[in-house]
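Numbers restart at 1 for each chain; the letters A, B, ... are given by sequence-line order, proteins then strands. Model, not experiment: these values are computed from the prediction.
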There are 2 protein chains.
Amino acid sequence: MLRPENLKRATTALPFLAHAPAELLRDFLREASIHAVPAGAQIFAEGDECNTIAVLLSGVVRVFKIGETGREITLYRFEQGESCILTANCILGNRQFPAIAMVERDAEAIVIPATAFRDWVNRYQPWRDYVFDLLSRRLASVMAVVDEVAFRRMDARIADFLARRLSPSASSLRITHQEIAAELGTSREVVSRILEDFRASRLIETGRGTIMLLDHAGLLRRARAM
Amino acid sequence: MLRPENLKRATTALPFLAHAPAELLRDFLREASIHAVPAGAQIFAEGDECNTIAVLLSGVVRVFKIGETGREITLYRFEQGESCILTANCILGNRQFPAIAMVERDAEAIVIPATAFRDWVNRYQPWRDYVFDLLSRRLASVMAVVDEVAFRRMDARIADFLARRLSPSASSLRITHQEIAAELGTSREVVSRILEDFRASRLIETGRGTIMLLDHAGLLRRARAM
DNA sequence: CTCAGTTGTGTGACATTGTCACCGACAAAT
DNA sequence: ATTTGTCGGTGACAATGTCACACAACTGAG
């Protein structure tokens, strides 16, 4: 049950609610509820059955896989207005959750029971569009991950990653080598070696837990070379 | 425009048509058409816009990515009753096709215009369920590919691949090393080396363009070891 | 402040995988 | 039989993953 004042926040996250049929809004108010989830909490683990679906109002959730050796790789993240569409995936297909979802920054989520979710997909076009769009976006982005992992060299991927998170205006980044490794699906040692190389090439400067940008254009060049 | 005798074949491929509302059937007959596509034909290339969607009546289509070095990796295949859901993906999200789809075995396809497809998703629940289910299945299977590529060793992946296609009753397989490489996203040399190793371990016997099974249990052991 | 424990990074050795250059064996066509 | 293209084998080297370990920077308890 959602309090009316929270409908405003929900509408910020899900803009289509502003023009949605009154019926959907009524159902939404009745079925949805808001929960706060602290950073570090696992929302779903590999193999879980899903009986609710969450749409984020704030915070960030990271969805990733873990290999047998303990290595991780990020599949994607979602934040405000997005939902763990993999959950939708399990709900609609009665499948098990094929990855791990963990809150990265404290999150508030609108939680909707699986039964209501399924029902709305059938009854309300705006809701249906929302779900299709997310599902479709994820499929494309996960396919892009396959491409990255299968074909690109690690130095290019790391350069790419850094170039996206650093800019002349935000020239320093707090992140550990281990975190970069988990992002890209490699090991910490490999990241350390490549960062050492970037440092020798005067692309970045490194400190414990931080990376500082020296040469953004140079990073982009490394990202493109292969 | 579909001839009534072809509706039977379509219903074999899409069982939900048997219980679908008359309206959907009428639309289906009006909008769908059947086309034969020979093996080797590219259905979609990376970056294509999609304005039709195809559902297979027969044959096999392989969807894959190509890296800059020319290496390939198979994302998935689809055959009778399945559709190139990535097309749905582009249609619903107005995105570009993010991979290559090529007919592997001569195919016949029911072709539906994008506009009709979109319309039916909104109007007919059986159609909607069909599309959701496929999309959702693909997402899960592409995520499994990420897991494979990121974490499993190549010898285990090749052993796995062979164990699936060989059995004591079908103990020989016509396939080239290059084809295995394109399947798994590695290079021909790597496949050759690993097959040589399997041969030395008396798991298989190899000939030009063929692989013969010697020890199925042994292959499965190699597939599990990491 | 000091010390011990924790976390982040560096390093060398080695195994696995990817790339390149090249060769020879085989098959189909002429 | 010769030619041509496909298929597979090989050696060298580069890139990546794994393991074992060292050590420096931070943290919190006392």
Side-chain angles (χ1 to χ4, degrees), chain A residues 40 65-73 146-162 172-201 204-212 222-223 225-226, chain B residues 40 65-73 146-162 172-201 204-212 222-223 225-226:
Chain A
K65 284 257 187 195
I66 299 196
E68 292 165 9
T69 59
R71 252 156 73 209
E72 300 180 6
I73 185 169
V146 172
D147 198 281
E148 279 250 319
V149 174
F151 300 131
R152 289 183 78 196
R153 286 183 30 180
M154 196 47 77
D155 57 349
R157 296 178 60 204
I158 293 180
D160 198 348
F161 175 81
L162 292 178
S172 133
L173 176 63
R174 289 215 55 88
I175 196 170
T176 68
H177 298 185
Q178 179 58 59
E179 285 165 345
I180 298 177
E183 188 68 26
L184 301 178
T186 183
S187 65
R188 202 250 324 148
E189 294 92 322
V190 171
V191 173
S192 292
R193 278 193 292 238
I194 292 174
L195 289 183
E196 163 62 27
D197 182 53
F198 287 179
R199 201 158 55 74
S201 309
I204 57 171
E205 197 46 73
T206 65
R208 185 187 166 90
T210 67
I211 295 177
M212 284 144 293
R222 283 295 279 252
M226 317 224 106
Chain B
K65 284 257 188 195
I66 300 195
E68 293 164 10
T69 59
R71 252 156 74 208
E72 299 180 7
I73 185 168
V146 172
D147 197 281
E148 279 251 320
V149 175
F151 301 132
R152 289 183 78 197
R153 285 182 33 176
M154 196 46 76
D155 56 349
R157 294 178 60 205
I158 294 180
D160 198 348
F161 176 81
L162 292 178
S172 132
L173 176 64
R174 289 215 55 89
I175 196 171
T176 67
H177 297 186
Q178 180 57 59
E179 286 165 344
I180 298 177
E183 188 67 29
L184 302 178
T186 182
S187 65
R188 203 243 332 142
E189 295 91 321
V190 171
V191 173
S192 292
R193 276 194 292 238
I194 292 174
L195 290 184
E196 163 62 27
D197 182 54
F198 288 0
R199 202 160 54 76
S201 310
I204 58 171
E205 196 45 73
T206 65
R208 186 186 167 90
T210 66
I211 294 177
M212 282 143 294
R222 283 295 278 254
M226 315 224 104

Hey, does B:G70 reach any base, or is it just sugar-phosphate, or nothing, if we go heavy atoms under 4.0 Å?
nothing

Just compare D:dC7, C:dG10, D:dT18 and give me whichever is closest to any side-chain atom of A:H177.
C:dG10

Looking only at heavy atoms, the pair that brings A:L184 and A:I73 closest together is O-CD1, 3.7 Å

What is the distance from atom CD1 of B:I175 to atom CD1 of B:I211, rounded to the nearest 0.5 Å?
6.5 Å

Mind running a 4.0 Å heavy-atom check of residues 183-197 of chain B against DNA chain D and sending the residues that fall below it, in number order?
B:R188, B:E189, B:S192, B:R193

Tell me the interatomic distance from B:I175, atom CD1, to D:dG8, atom C1', rounded to whole angstroms.
14 Å

To the nearest angstrom, the CE-C1' distance between A:M154 and C:dG18 comes to 13 Å

Among C:dT19, C:dT9, D:dC7, find the nucleotide with the atom closest to the side chain of B:R71.
C:dT19

Report the residues that fulfil side-chain contact (heavy atoms from CB on, under 4.5 Å) with B:R199, sequence neighbours left out, ordered by chain and then residue number.
B:E196, B:E205, B:T206

Whole-Å distance between D:dT16 P and A:R152 CZ?
12 Å

Specify the separation, in whole Å, of atom CD of B:E68 and atom P of D:dA15.
16 Å

Can you tell me the distance, in whole Å, between the CZ atom of B:R174 and the C1' atom of C:dA27?
11 Å

What are the two closest heavy atoms between A:R71 and B:A150, and how far apart are they?
NH2-O, 2.7 Å

Could you tell me the separation between the CZ atom of A:R157 and the C1' atom of D:dG17, rounded to a whole number of Å?
13 Å

For A:I158 and D:dT16, what is the distance between atoms CD1 and P respectively, to the nearest whole Å?
8 Å

Closest non-hydrogen contact found for B:R157 with B:E148 is NE-OE1, 3.0 Å

Any donor-acceptor N/O pair, A:R188 side chain to A:T176 backbone, under 3.5 Å
no

Please state whether the base of C:dT7 and the side chain of A:R208 form at least one donor-acceptor pair under 3.5 Å?
yes

Look only at the side chain of B:R152 and the backbone of B:A223, and say whether a donor-acceptor pair between them is shorter than 3.5 Å.
yes

Between D:dA15 atom C1' and A:F198 atom CZ, what is the distance in whole Å?
13 Å

